[in-house]
Engineer: 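Please see the structure below; I have some questions.
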Amino acid sequence: MSQQATTRATAKYTAFPPVRLADRQWPGRVIDKAPIWMSTDLRDGNQALFEPMNGEKKMQMFKTLCAIGFKEIEVAFPSASQTEFDFVRNLIEGGHIPQDVTIEVLTQAREHLIRRTFESLKGAKKAIVHVYHATSKNFRENVFGMTKDEVVGMAVDSVKLIRALADEMPETAITLQYSPETFTATELDFALEVCNAVTEVWGATPERKVILNLPTTVEIATPNVYADQIEWMSRNLARRDSVLVSLHPHNDRGTAVAAAELGLMAGADRVEGCLFGNGERTGNVDLVTLALNMHTQGVDPQLDFSDINAVARTYEQCTQLPIHPRHPYVGDLVFTAFSGSHQDAIKKGFAAQESDALWAVPYLPIDPADVGRSYDSVIRVNSQSGKGGIAWMMEHEYGIVMPRRLQVEFSGVVQRHTDTYGGEVSAEDIWSLFAQTYLDTATPVRYCGHSLYENGAAQGIRLSVEIDGTPRILTGEGNGPINAAVHALQSGGIRVQVRSYEERSMVPAGEDGNARACAFMEVAGGKGDCFGVGIDANIVTASIKAIVSGANRAQVAACASAQPVGATV
């Protein structure tokens, strides 16, 4: 912003005044249990869509929410439209509501809307009737043109009507929920006055609790201010043992999750929100993030997100809203590392992680397996990546565990490819590069076969090859088949010297019991030290193929070894 614009903004806006709570307790508390969860996906979330869900999609979402473990679900604003009314009737008449699930319906504090809402609930075993109206000075004076007493009267009259209608429906256990809309912008003493009037007229008892929902209808202050407001209310409410304090944070400042967490620390019992933060304007609090944040702190959230991908796909199908690829816990890229240093740390962390130990893999606050994500999507490769990510993909997709120096060398091959073509490279792309570089090296020497023989204490080999297209039989002897093969190649004029040798079994993903041998030869040749790789069911054959691969690369191809690739953190 320009200096002039900054000056105007400073004059236009003012910081929200702090709450007078000198001995606040919430900063020293932790969240040690799950709250009562209430999903507003079918009401607040549905109102926020370009195209609201039809009955079929609402039913699909309802069943998904039940499967996740929500016991309270706000299903509709039944007085708002016939579609909403009919959905409530379908749930009740069709027997779709599990016994342990309570549906909630929303109504404004207006008599005809309240009566219409109760009509939708006929035959339900239990339900929460959620009545609301705004209480802040701005709404009282500029929207309603009402005094404080008139606003209190609106709340009291609405609750009296709800109580009377509930008494006419003894077959349905009705719980009252009251929301002073715009709570965070309401003077605390007045919010307390209204809430106490509601609990009194309802006749709240520990056995017949009232839900007092205290929303951040619009985020107007930092999350700590909300926590102060919740703690102040919780301390000063009359009949606190007869009240469930509920949070309904919106996300106008982008801090709804923080506000909910601090509000729970401040004494709240319940949280309302939507999957993935859907909701009016900038959204409601993201219940997935909030619940999985608890999971990462060792607190059972009492919600099942073990198959997060299935939940996400249902959400996207029903709402027609995309989930951002960097969305916490569920985005397509949140368990993905492109940076070379990150990939290396993750690879080493997975190697060190024991199954029964506390989770401690770098850069991953949660085990992807806990939400049904697979490790093969953890590390992906682009031009910013390094040897760690490439090595991870080769190991977990194709079962090839590369020696460290080969990791460095091959990362240079991949780096040159990404620099040339740009974009991300898949595991299949990396395998293709690996095969072209190390396995398909048929010039100048092409391996055709071999046979071994003994000559006293020496090991002999007859090596069938083509050199520049001409068939040859090369013979060599040594202290073992590898040494014999080196001597055989040297006899054919192929300069090669083995610097190091490693052999490992290779078990590609999904092919348990189909192991092959993978041999790695670091050889010195005409143009420097290079690696050769050979793969075969027979370890000796794999080793000879690796020697030929290394000899070809060292003598003819420009040596593919590279300095360790710089990584961007």
Side-chain angles (χ1 to χ4, degrees), residues 391 394-395 398-410 413 431 433-467 471-508 511 513-557 559-561:
M394 289 293 292
E395 178 177 348
Y398 298 102
I400 293 182
V401 183
M402 294 187 289
R404 180 173 176 80
R405 288 192 300 280
L406 177 55
Q407 293 178 26
V408 174
E409 179 182 298
F410 182 51
V413 176
W431 171 255
L433 286 170
F434 185 84
Q436 292 170 21
T437 304
Y438 299 103
L439 305 179
D440 301 334
T441 56
T443 305
V445 182
R446 179 175 175 270
Y447 169 82
C448 299
H450 74 276
S451 61
L452 300 175
Y453 64 90
E454 302 289 338
N455 185 12
Q459 175 79 66
I461 189 171
R462 294 183 181 88
L463 189 58
S464 175
V465 297
E466 290 181 2
I467 299 179
R472 297 277 301 274
I473 300 294
L474 305 179
T475 302
E477 295 181 358
N479 56 14
I482 294 174
N483 189 236
V486 168
H487 290 158
L489 289 170
Q490 290 175 343
S491 73
I494 306 298
R495 296 176 54 191
V496 61
Q497 180 180 354
V498 175
R499 298 288 198 201
S500 66
Y501 165 70
E502 293 186 38
E503 171 267 316
R504 295 170 187 171
S505 62
M506 171 186 168
V507 184
E511 297 185 23
N514 190 30
R516 290 185 290 169
C518 187
F520 307 98
M521 294 283 177
E522 189 176 18
V523 303
K527 294 190 177 181
D529 293 357
C530 287
F531 271 91
V533 180
I535 297 174
D536 198 88
N538 181 281
I539 181 55
V540 173
T541 303
S543 300
I544 295 170
K545 288 181 177 179
I547 296 171
V548 173
S549 166
N552 282 332
R553 296 188 65 246
Q555 288 209 16
V556 177
C559 183
S561 65

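For clarity, every value in this text was computed on a predicted model and none was experimentally measured.
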Engineer: Test R516 against D536 for salt bridge (charged side-chain N to carboxylate O under 4.0 Å, His left out), laying out the working first.
Structural biologist: CA-CA 6 Å; R516 290 185 290 169; D536 198 88; over 6 Å; no
Engineer: Evaluate the side-chain proximity of S549 to M521: yes if any heavy-atom separation is below 4.5 Å, no if none is.
Structural biologist: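 Result no, sub-4.5 Å side-chain heavy-atom pair not found.
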Engineer: Between F531 and Y438 (judged by ring centroids, cut-off 6.0 Å), do the two rings come close enough to count as a pair?
Structural biologist: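 Not under 6.0 Å, so no.
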Engineer: Measure the SG-CD distance between C530 and E522 for me, rounded to the nearest 0.5 Å.
Structural biologist: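 CD of E522 is found 9.0 Å from SG of C530.
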Engineer: Got a second to check how far S491's OG is from L463's CG, nearest 0.5 Å?
Structural biologist: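 Here the interatomic distance stands at 8.5 Å.
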Engineer: Nearest 0.5 angstrom please: H487 NE2 to Q459 CD, how far?
Structural biologist: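 The distance works out to 13.0 Å.
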Engineer: Taking atom CE of M394 and atom CH2 of W431, what is their separation to the nearest 0.5 Å?
Structural biologist: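 It is 5.5 Å, given to the nearest 0.5 Å.
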Engineer: On a heavy-atom basis, which atom in A546 and which in G534 lie closest, and how many Å separate them?
Structural biologist: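 Scanning both residues completely, I find the closest heavy atoms to be CB-N, 3.4 Å.
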Engineer: With side chains defined as the heavy atoms from C-beta onward, is the minimum distance between M402 and F410 less than 4.5 Å?
Structural biologist: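 A side-chain contact under 4.5 Å exists here.
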Engineer: Under 4.0 Å between a side-chain nitrogen and a carboxylate oxygen: does that hold for E466 and R446?
Structural biologist: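 Result for this pair is yes, salt bridge flagged.
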Engineer: How many angstroms lie between atom OH of Y447 and atom CG of N552, to the nearest 0.5 angstrom?
Structural biologist: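 If we round to the nearest 0.5 Å, Y447:OH and N552:CG are 14.0 Å apart.
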Engineer: Measuring from atom NE2 of H450 to atom OG of S464, what distance do you get when rounded to the nearest 0.5 angstrom?
Structural biologist: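 The NE2 atom of H450 sits 11.0 Å away from the OG atom of S464.
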Engineer: Within the side chain of Q490, is there an N or O that forms a donor-acceptor pair under 3.5 Å with the backbone of V496?
Structural biologist: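 Yes: the side chain of Q490 pairs with the backbone of V496.
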Engineer: Between the main-chain N or O of A458 and the side-chain N or O of N455, is there a donor-acceptor pair closer than 3.5 Å?
Structural biologist: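 No, N455 side chain to A458 backbone: no donor-acceptor pair under 3.5 Å.
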Engineer: Quick one, R504 with E395, criterion salt bridge (charged side-chain N to carboxylate O under 4.0 Å, His left out). Give me CA distance, side-chain angles, the key distance, then yes/no.
Structural biologist: CA-CA 11 Å; R504 295 170 187 171; E395 178 177 348; over 6 Å; no
Engineer: Using a 4.5 Å cut-off on heavy atoms from C-beta on, say whether the side chain of V533 contacts that of L406.
Structural biologist: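 Side chain of L406 against side chain of V533, heavy atoms only: contact under 4.5 Å found.
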Engineer: For residues R553 and T437, report the shortest heavy-atom separation together with the two atoms involved.
Structural biologist: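 Smallest heavy-atom distance, with atoms named: CD-O, 3.1 Å.
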Engineer: If every non-hydrogen atom of P481 is compared with every non-hydrogen atom of L452, which pair is closest and at what distance?
Structural biologist: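 So the two residues come closest at CB-CD2, 4.2 Å.
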Engineer: Taking all atoms of both residues into account, what is the closest heavy-atom pair of I539 and Y501, and its distance?
Structural biologist: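 Heavy atoms only, the tightest pair is CD1-OH, 3.8 Å.
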Engineer: Using side-chain heavy atoms (C-beta onward) and a distance below 4.5 Å, is L474 in contact with V465?
Structural biologist: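 Heavy-atom side-chain distance check passes, below 4.5 Å.
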Engineer: State which residue, out of V523, I467, I547, fulfils the side-chain contact (heavy atoms from CB on, under 4.5 Å) condition with L489.
Structural biologist: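 Answer to the side-chain contact (heavy atoms from CB on, under 4.5 Å) test with L489 among V523, I467, I547: I547.
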Engineer: How close do M506 and C518 get, counting heavy atoms only, and between which atoms?
Structural biologist: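 So the two residues come closest at CB-CB, 4.1 Å.
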Engineer: Would a distance-only check, ignoring hydrogens and angles, find a side-chain to backbone donor-acceptor pair under 3.5 Å from Q497 to A524?
Structural biologist: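 No; zero donor-acceptor contacts below 3.5 Å.
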Engineer: For a quick test of reading the model, state the closest non-hydrogen atom pair linking A485 to I461 and the distance between them.
Structural biologist: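 Here A485 and I461 meet closest at N-CG2, 3.8 Å.
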Engineer: Would you please say whether a donor-acceptor pair under 3.5 Å links the side chains of E477 and Y453?
Structural biologist: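 Side chains of E477 and Y453: pair found under 3.5 Å.
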Engineer: Do I482 and I544 pass the side-chain contact (heavy atoms from CB on, under 4.5 Å) test, and can you show the C-alpha distance, the side-chain angles, and the key distance before you say yes or no?
Structural biologist: CA-CA 7 Å; I482 294 174; I544 295 170; over 6 Å; no
